[in-house]
There are 2 protein chains.
Amino acid sequence: MSDTASDSETEEQLEVWCAGEEWCPITATATILGKKWHPVIIHRLIAEPRGFNDLQRAVDGISSKVLSDSLETLEGHGLVAREVVSEKPFRVEYSVTDRGGSLEPVIESMREWGETHLAAEG
Amino acid sequence: MSDTASDSETEEQLEVWCAGEEWCPITATATILGKKWHPVIIHRLIAEPRGFNDLQRAVDGISSKVLSDSLETLEGHGLVAREVVSEKPFRVEYSVTDRGGSLEPVIESMREWGETHLAAEG
DNA sequence: AGTGAGAGGTTTCGGCTGGTAACCATTTTT
DNA sequence: AAAAATGGTTACCAGCCGAAACCTCTCACT
């Protein structure tokens with residue numbers, strides 16, 4: 001494709017550099033975060049660490065199976081940490097890792113966009 | 001896409017409620033943007049309007065069927081516009097709408113996150 | 001001891017979606 | 001004429017998504 005404009009503009013290359021390249025940071029991010037429930041799960045865990053059922057209520061609408069699968073996936077990506085906080089009354093706590101917490105600006109921009117462009121409910 | 005029922009996404013998905021009481025802007029945004037290829041498609045169209053094959057090459061990795069379906073969905077959400085620019089040599093041009101262009105900060109934050117947290121991964 | 005609520009999930013079973021490959025029609029280029 | 005480029009469609013299938021049911025364990029109440 002078009003990239004032989006080496007000496008022209010340094011500024012505009014920032015927006016074009018991932019076109020035609022093999023690895024795309026947007027696609028990479030979308031592969032992890034681009035699921036229906038992943039952003040809101042992380043958002044709720046950034047707000048505060050929670051147990052499974054508490055989290056399910058906070059996400060509000062997700063099934064237990066999908067939440068279970070999602071948490072497993074997110075833990076695999078190193079975005080969420082699972083800790084058993086009690087054995088006898090068996091209790092678990094999910095929280096975001098540093099890596100997961102770093103997604104806050106992304107999720108916040110999604111929240112803002114949704115609020116200004118999708119607020120059509122009532 | 002399939003028939004009439006599934007196209008209710010176009011209008012009624014905007015009324016995604018979090019099971020009764022609270023409407024969640026993050027979930028609503030994720031329902032639209034939370035697909036593997038949607039963010040990068042919009043990103044490439046924000047960079048410049050393109051024809052189908054040009055866009056497919058720019059997205060790099062997407063199949064023609066998935067691109068076709070995605071464009072149809074995004075057009076239904078009012079994020080992408082399709083214009084036939086020539087009939088004799090049949091040419092179309094896809095571009096972002098104002099609404100689609102307003103996603104730029106969201107996509108940019110995804111790009112930044114991927115660049116700093118996913119570089120050199122698969 | 002029995003019942004029910006709450007925590008933390010798993011199982012089952014479809015339907016929808018994402019992905020590959022093949023195919024099609026038209027026009028331009030070689 | 002043959003090849004390539006443009007803009008897709010169709011067939012087919014693996015896998016993910018989602019609703020509902022089910023499961024174990026503990027605690028509280030009676």
Side-chain angles (χ1 to χ4, degrees), chain A residues 1-2 27 30-41 44-45 48-77 80-95, chain B residues 1-10 12-13 16-20 27 30-41 44-45 49-77 80-95:
Chain A
M1 302 299 122
S2 53
T27 302
T31 302
I32 291 179
L33 201 65
K35 306 297 163 70
K36 181 173 177 183
W37 298 106
H38 286 195
V40 70
I41 289 170
R44 299 300 192 262
L45 291 179
E48 65 173 311
R50 296 161 191 271
F52 188 89
N53 285 299
D54 189 12
L55 179 58
Q56 185 175 8
R57 263 178 261 107
V59 169
D60 205 12
I62 196 171
S63 72
S64 56
K65 182 224 172 194
V66 174
L67 178 57
S68 182
D69 291 351
S70 299
L71 286 169
E72 208 176 311
T73 300
L74 291 171
E75 193 185 358
H77 285 307
V80 162
R82 180 194 140 120
E83 186 190 5
V84 177
V85 293
S86 167
E87 282 289 357
K88 276 297 290 176
F90 184 63
R91 295 296 139 88
V92 159
E93 194 176 81
Y94 292 96
S95 58
Chain B
M1 304 188 63
S2 50
D3 286 319
T4 53
S6 63
D7 289 332
S8 62
E9 273 191 35
T10 304
E12 298 194 37
Q13 279 287 339
V16 175
W17 291 78
C18 293
T27 302
T31 301
I32 291 178
L33 200 64
K35 306 296 163 69
K36 181 173 178 183
W37 297 107
H38 286 196
V40 69
I41 289 170
R44 300 298 192 262
L45 291 179
R50 296 161 190 270
F52 188 89
N53 285 300
D54 189 14
L55 180 58
Q56 184 176 8
R57 261 177 260 111
V59 169
D60 196 24
I62 198 172
S63 71
S64 56
K65 179 226 171 193
V66 174
L67 179 56
S68 183
D69 290 351
S70 299
L71 287 169
E72 207 175 314
T73 300
L74 291 171
E75 193 185 359
H77 285 308
V80 162
R82 181 192 140 123
E83 185 190 6
V84 177
V85 293
S86 168
E87 284 287 359
K88 275 278 296 176
F90 183 64
R91 297 294 138 90
V92 292
E93 193 178 79
Y94 292 95
S95 58

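Any value given below was found using the heavy atoms of this structure, including those in side chains, with hydrogens, waters and symmetry copies removed. Here is the naming used below: chain letters follow the sequence lines, and residue numbers restart at 1 for every chain.
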**Student:** Report all interatomic pairs (protein N or O, nucleotide N or O of nucleotides 22-30 of chain C) with separations under 3.5 Å.
**Tutor:**
none

**Student:** Considering just the side-chain nitrogens and oxygens of A:Ser68, establish if one lies under 4.0 Å of OP1 or OP2 belonging to C:dT10.
**Tutor:**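 For C:dT10, OP1/OP2 do have a side-chain N/O of A:Ser68 under 4.0 Å.
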**Student:** CZ of A:Phe52 versus C1' of C:dG8: gap in Å, rounded?
**Tutor:**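 Rounded to whole Å, this separation is 7 Å.
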**Student:** For B:Gln56 and C:dA21, give me the distance from atom CD to atom C1', rounded to whole Å.
**Tutor:**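 To the nearest whole Å, that distance equals 13 Å.
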**Student:** How close or far is atom P of C:dA7 from atom CG of A:Asp54, stated in whole angstroms?
**Tutor:**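 After rounding, the gap between these two atoms is 8 Å.
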**Student:** Rounding to a whole Å, what distance do you find between A:Asp69:CG and C:dT12:C1'?
**Tutor:**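 Interatomic distance, CG of A:Asp69 to C1' of C:dT12: 13 Å.
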**Student:** When we call it a touch if two heavy atoms are under 4.0 Å apart, what does A:Val66 touch: a base, just sugar-phosphate, or nothing?
**Tutor:**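 Since a base atom lies under 4.0 Å of A:Val66, the category is base.
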**Student:** Of all nucleotides in DNA chain D with an atom under 4.0 Å from a non-hydrogen atom of chain A, which is the first and which the last going 5' to 3'?
**Tutor:**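 The contact span of chain A on DNA chain D goes from D:dC17 to D:dC27.
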**Student:** B:Leu67 and B:Trp37: side chain to side chain contact (heavy atoms under 4.5 Å, CB included), yes or no, with the steps?
**Tutor:** CA-CA 8 Å; B:Leu67 179 56; B:Trp37 297 107; over 6 Å; no
**Student:** Are the charged groups of A:Glu93 and A:Arg91 less than 4.0 angstrom apart, N to O?
**Tutor:**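 Looking at A:Arg91 together with A:Glu93, the answer is no, because their closest N to O distance does not fall below 4.0 Å.
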**Student:** Quick one: which of C:dG19, C:dA7, C:dG9 gets closest to the side chain of B:Trp37?
**Tutor:**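 Shortest atom-to-atom distance from the side chain points to C:dG19.
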**Student:** Rounded to the nearest Å, what distance is computed from the CG atom of residue B:Leu67 to the P atom of nucleotide C:dT20?
**Tutor:**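 It works out to 13 Å between those atoms.
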**Student:** Find the distance A:Lys65:NZ to C:dC16:P and express it as a whole number of Å.
**Tutor:**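 Checked: the NZ to P distance equals 15 Å.
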**Student:** By the 4.0 Å heavy-atom rule, please label A:Arg50 as base, sugar-phosphate, or nothing.
**Tutor:**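 If one applies the 4.0 Å heavy-atom cut-off, A:Arg50 turns out to touch nothing in the nucleic acid.
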**Student:** Rounding to a whole Å, what distance do you find between B:Lys35:NZ and C:dC16:P?
**Tutor:**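 In whole Å, C:dC16 P and B:Lys35 NZ are 14 Å from each other.
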**Student:** Within the side chain of B:Ser70, is there an N or O that forms a donor-acceptor pair under 3.5 Å with the backbone of B:Val66?
**Tutor:**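 It does hold such a pair.
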**Student:** Could you check how far CG of A:Leu55 sits from P of C:dG8, rounded to whole Å?
**Tutor:**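 So the two atoms are 10 Å apart, to the nearest Å.
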**Student:** Compare side-chain N and O positions of B:Lys36 against OP1 and OP2 of C:dT17 and report whether any pair is under 4.0 Å apart.
**Tutor:**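 It does not, given that no N or O in the side chain of B:Lys36 lies less than 4.0 Å from OP1 or OP2 of C:dT17.
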**Student:** Work out which heavy atom in B:Gln56 is nearest to a heavy atom in B:Ile62; give both atom names and the distance.
**Tutor:**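 Between these two residues, the closest heavy atoms are NE2-O, 3.2 Å.
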**Student:** Under a 3.5 Å distance rule, please check whether B:His38 uses its side chain to pair with a backbone N or O of B:Ile32 as donor and acceptor.
**Tutor:**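 Yes, B:His38 side chain to B:Ile32 backbone: donor-acceptor pair under 3.5 Å.
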**Student:** Taking the side chain as every heavy atom from C-beta outward, state whether A:Phe52 and A:Val92 have any pair of such atoms under 4.5 Å apart.
**Tutor:**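 No, side chains not in contact.
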**Student:** Strictly distance-based, threshold 3.5 Å: is any side-chain N or O of A:Arg50 a donor or acceptor partner for the main-chain N or O of A:Arg44?
**Tutor:**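 Confirmed, A:Arg50 side chain pairs with A:Arg44 backbone.
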**Student:** For residues A:Tyr94 and A:Val80, report the shortest heavy-atom separation together with the two atoms involved.
**Tutor:**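 So the two residues come closest at CD2-CG1, 4.1 Å.
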**Student:** My understanding is that only residues two or more places apart in sequence, or in another chain, count here; which of them pass side-chain contact (heavy atoms from CB on, under 4.5 Å) with B:Lys65?
**Tutor:**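 B:Ser63, B:Asp69.
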